[in-house]
Amino acid sequence: MNLASLVHRMAETSPDSPAVSDGERQVHSFASLSAAVSGLAGSLRGALGLQPGDRVALAMSNSPAFFETAFAAWHAGLCVVPINPRLHRKDFAYIFGNSGARLAFYSADLAGTLAGLEAEVAGLEQLIEAGGADYGALLQGAPAPLAEVAPEDPCWIFYTSGTTGRPKGATLTLRNLGFMIQGYYADIDRVELGDTMLHAASLSHGSGLYALPHIAQGGHQVVCRGSFDTAEICRLIAAYPQVSFFAAPTMLTRLVRHVAESGADTANLRTVVYGGGPMYVADLERALEVLGPKLAQLYGQGEAPMTITILPKAWHGRARQRGLLGTCGFARTLVDVRVVDEQGQEVPRGGIGEIVTRSDCVMAGYWNMPEATAATLRDGWLHSGDLGSLDADGFLTLKDRSKDLIISGGSNIYPREVEEVLLQHPGVAEAAVVSRPHADLIEEVVAFVVPRAGGNLAAEELDGFCLENLARYKRPRDYRVVEELPKNNYGKVLKTALRELLAGGAERKP
């Protein structure tokens, strides 16, 4: 077994089919991608001296080279470590060191950030610019035999965002990624030869993982460069057939707004898989109106990649009718999901607790972090750190991360519930709710809101709206109107940054 065989098989059966494009420019057919992968794999094992099981870091912005380097590493029996390209130099150094990467490929835009790290990080032997002259020579290496890989061998180490401390490397094995690939076909979509997978989100995260089920069936990988550009995405949707892509909810909301305002043609759009954060009901209703029944929601984590629950395309209409759009669906095929209390006991249906899951998609553990692994993997179950509830029919509703729960005056307040109400206000484009310390209540609710274009929001108006739609104790005690919410590279709102803003005594903007 070897993930690189997905490319080589397609090169045998459909050599001239497009494999990878940079926007509207084709870079590889499956035949040329297979040749590049084989040559680079030979250089990795030969000239560069890497051995099976060694780690290769991919510090890269989205580019066709991501596919060349990842599949070459797998061909050679190595483990890839994709890294968010927007991280700080110190984060890159930590991940290189923690993963024990011997080699890192990087994109040209990160040259200044990474310069000299091979001299600072123990074990890191070389940094190679993907696309540079040395890289071109490596692509011409003598092909190496396809390495034998066992199901439990590490293939992909995904480092968490590290918002609460040092990033942890979720170690994904060949079995994990194989299960994820098959789960895509079982629960999300079929893929046909020539279908398009558009990479508008970072390849270092979910979008890169979802390249795998598409490549396995001869899908065409089309790479978007730079930041999330809704105009570019719409142009590429119009240019290619049967387009699917993965997006964080904030990305999907921006795209829907652009399509509604511009009238862009999305007839070629097949599927948008969204996940990685809360998709509010008001935004989801609008997305269905503008794009039609093309949305599939997933709930997953880097520790169980893309594979815990699913609300499929066909279920969005039914969920709308049954008032279930606020859920994230039901357990994926061959995946167990439970909600448990602090003692690990399953709570009654409708009760709130921590979401736990088990399946062949759950990581092997955190790389070089046995204590963190033991705390997260218990009795065969992955403890997600997310709070949620299962209804009588098995639909999961996410509440919040356990660390985001607000306890005010002895009562539990779930920020998402408050955010859902704020987003029903016609003048609110985005909202995020956090807590701050309070002398009597322990914590109190603070809301950050982004107004719609040309809008003007007053704290008194928002407070009145919340009182009409929320229990009084749940309403925010302070409203901050801001131009934008801080987000990470995957579109998740950084609530840690909002708490830091509060701790810094930022001026209130009513």
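Only a predicted model underlies this, so the values are computations on that prediction, with no experimental measurement involved. Residue indices begin at 1 and follow the sequence shown.
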Between [atom1] of [X] and [atom2] of [Y], what distance do you get to the nearest 0.5 Å?
X	Y	atom1	atom2	value
Met363	Thr376	CE	OG1	5.0 Å
Leu325	Asp283	CG	CG	11.5 Å
Tyr274	Thr253	OH	OG1	10.0 Å
Gln217	Ile181	CD	CD1	9.5 Å
Thr230	Arg254	OG1	CZ	6.0 Å
Leu485	Arg480	CG	CZ	13.0 Å

TODO: Output, in order, the C-alpha distance, side-chain angles, deciding distance and verdict of salt bridge (charged side-chain N to carboxylate O under 4.0 Å, His left out) for Glu419 and Arg416.
DONE: CA-CA 5 Å; Glu419 291 161 357; Arg416 182 171 178 177; over 6 Å; no
Open item on the list: Is a donor from one side chain sitting under 3.5 angstrom from an acceptor on the other, for Ser21 and His220?
Closed with: yes
- [ ] Indicate whether any N or O donor in one side chain lies under 3.5 Å from an N or O acceptor in the other, for Asn84 and Tyr159.
- [x] no
Task: Derivation and outcome, side chain to side chain contact (heavy atoms under 4.5 Å, CB included), residues Leu470 and Val418 - done: CA-CA 8 Å; Leu470 278 172; Val418 183; 3.9 Å; yes
Donor-acceptor pair, side chain of [X] and main chain of [Y], under 3.5 angstrom:
X	Y	result
Asn268	Ile237	yes
Gln221	Leu198	no
Ser408	Glu443	yes
Asp336	Arg358	no
Thr171	Ala364	no
Arg332	Met306	yes
Thr373	Glu371	no
Arg175	Asp360	no
Ser107	Ser61	yes
His383	Gly385	no

Do the side chains of [Y] and [X] get nearer than 4.5 Å, heavy atoms only?
X	Y	result
Val356	Val337	no
Leu390	Val347	no
Arg270	Asp195	yes
Glu444	Ser435	no
Val446	Leu502	yes
Leu291	Val256	yes
His316	Leu284	yes
Cys466	Leu422	yes

Could [X] and [Y] be called an ion pair, given the rule that one side-chain N must be under 4.0 Å from one carboxylate O?
X	Y	answer
Arg436	Asp478	yes
Glu303	Lys168	no
Arg322	Asp393	yes
Lys313	Asp189	yes
Glu430	Lys487	yes

- [ ] Carefully, step by step, assess Glu417 and Lys399 under the rule salt bridge (charged side-chain N to carboxylate O under 4.0 Å, His left out).
- [x] CA-CA 8 Å; Glu417 180 182 4; Lys399 296 300 181 180; over 6 Å; no
Within 6.0 Å of [atom1] in [X], more than 12 heavy atoms from elsewhere:
X	atom1	answer
Glu484	CD	no
Leu334	CG	no
Arg190	CZ	no
Glu152	CD	yes

Smallest separation among heavy atoms of [X] and [Y], with atom names:
X	Y	result
Tyr185	Pro213	OH-O, 2.6 Å
Val335	Ile308	CG1-O, 3.6 Å
Val259	Cys234	CG2-SG, 3.8 Å
Thr327	Leu324	OG1-O, 2.8 Å
Met279	Pro249	SD-CB, 3.6 Å
Val243	Leu269	O-CD1, 3.5 Å

TODO: Check the pair Thr113, Tyr106 against side chain to side chain contact (heavy atoms under 4.5 Å, CB included), reporting the backbone distance first and the verdict last.
DONE: CA-CA 10 Å; Thr113 300; Tyr106 68 93; over 6 Å; no
- [ ] Please step through side chain to side chain contact (heavy atoms under 4.5 Å, CB included) for the pair Ile233 and Met251, ending with a clear verdict.
- [x] CA-CA 11 Å; Ile233 291 165; Met251 296 176 179; over 6 Å; no
- [ ] Start with the C-alpha gap between Asp463 and Arg475, add the side-chain angles, then the distance that decides, and say whether salt bridge (charged side-chain N to carboxylate O under 4.0 Å, His left out) holds.
- [x] CA-CA 7 Å; Asp463 200 48; Arg475 89 184 203 279; 2.9 Å; yes
Is it the case that the ring center of [Y] lies less than 6.0 angstrom away from the ring center of [X]?
X	Y	result
Trp315	Phe330	yes
His199	Phe245	no
His214	Tyr184	yes

Open item on the list: Applying side chain to side chain contact (heavy atoms under 4.5 Å, CB included) to Ile83 and Ser204, what does each step give before you reach the verdict?
Closed with: CA-CA 6 Å; Ile83 306 175; Ser204 66; 5.9 Å; no
TODO: Answer yes or no on whether Arg378 is positioned over the face of Trp381, meaning its NZ or CZ is under 6.0 Å from the six-membered ring centre and within 45° of the axis.
DONE: no
Task: Option among Tyr479, Tyr280, Phe465 that satisfies the ring pair (Phe, Tyr, Trp, His ring centres under 6.0 Å) test with His425 - done: Phe465
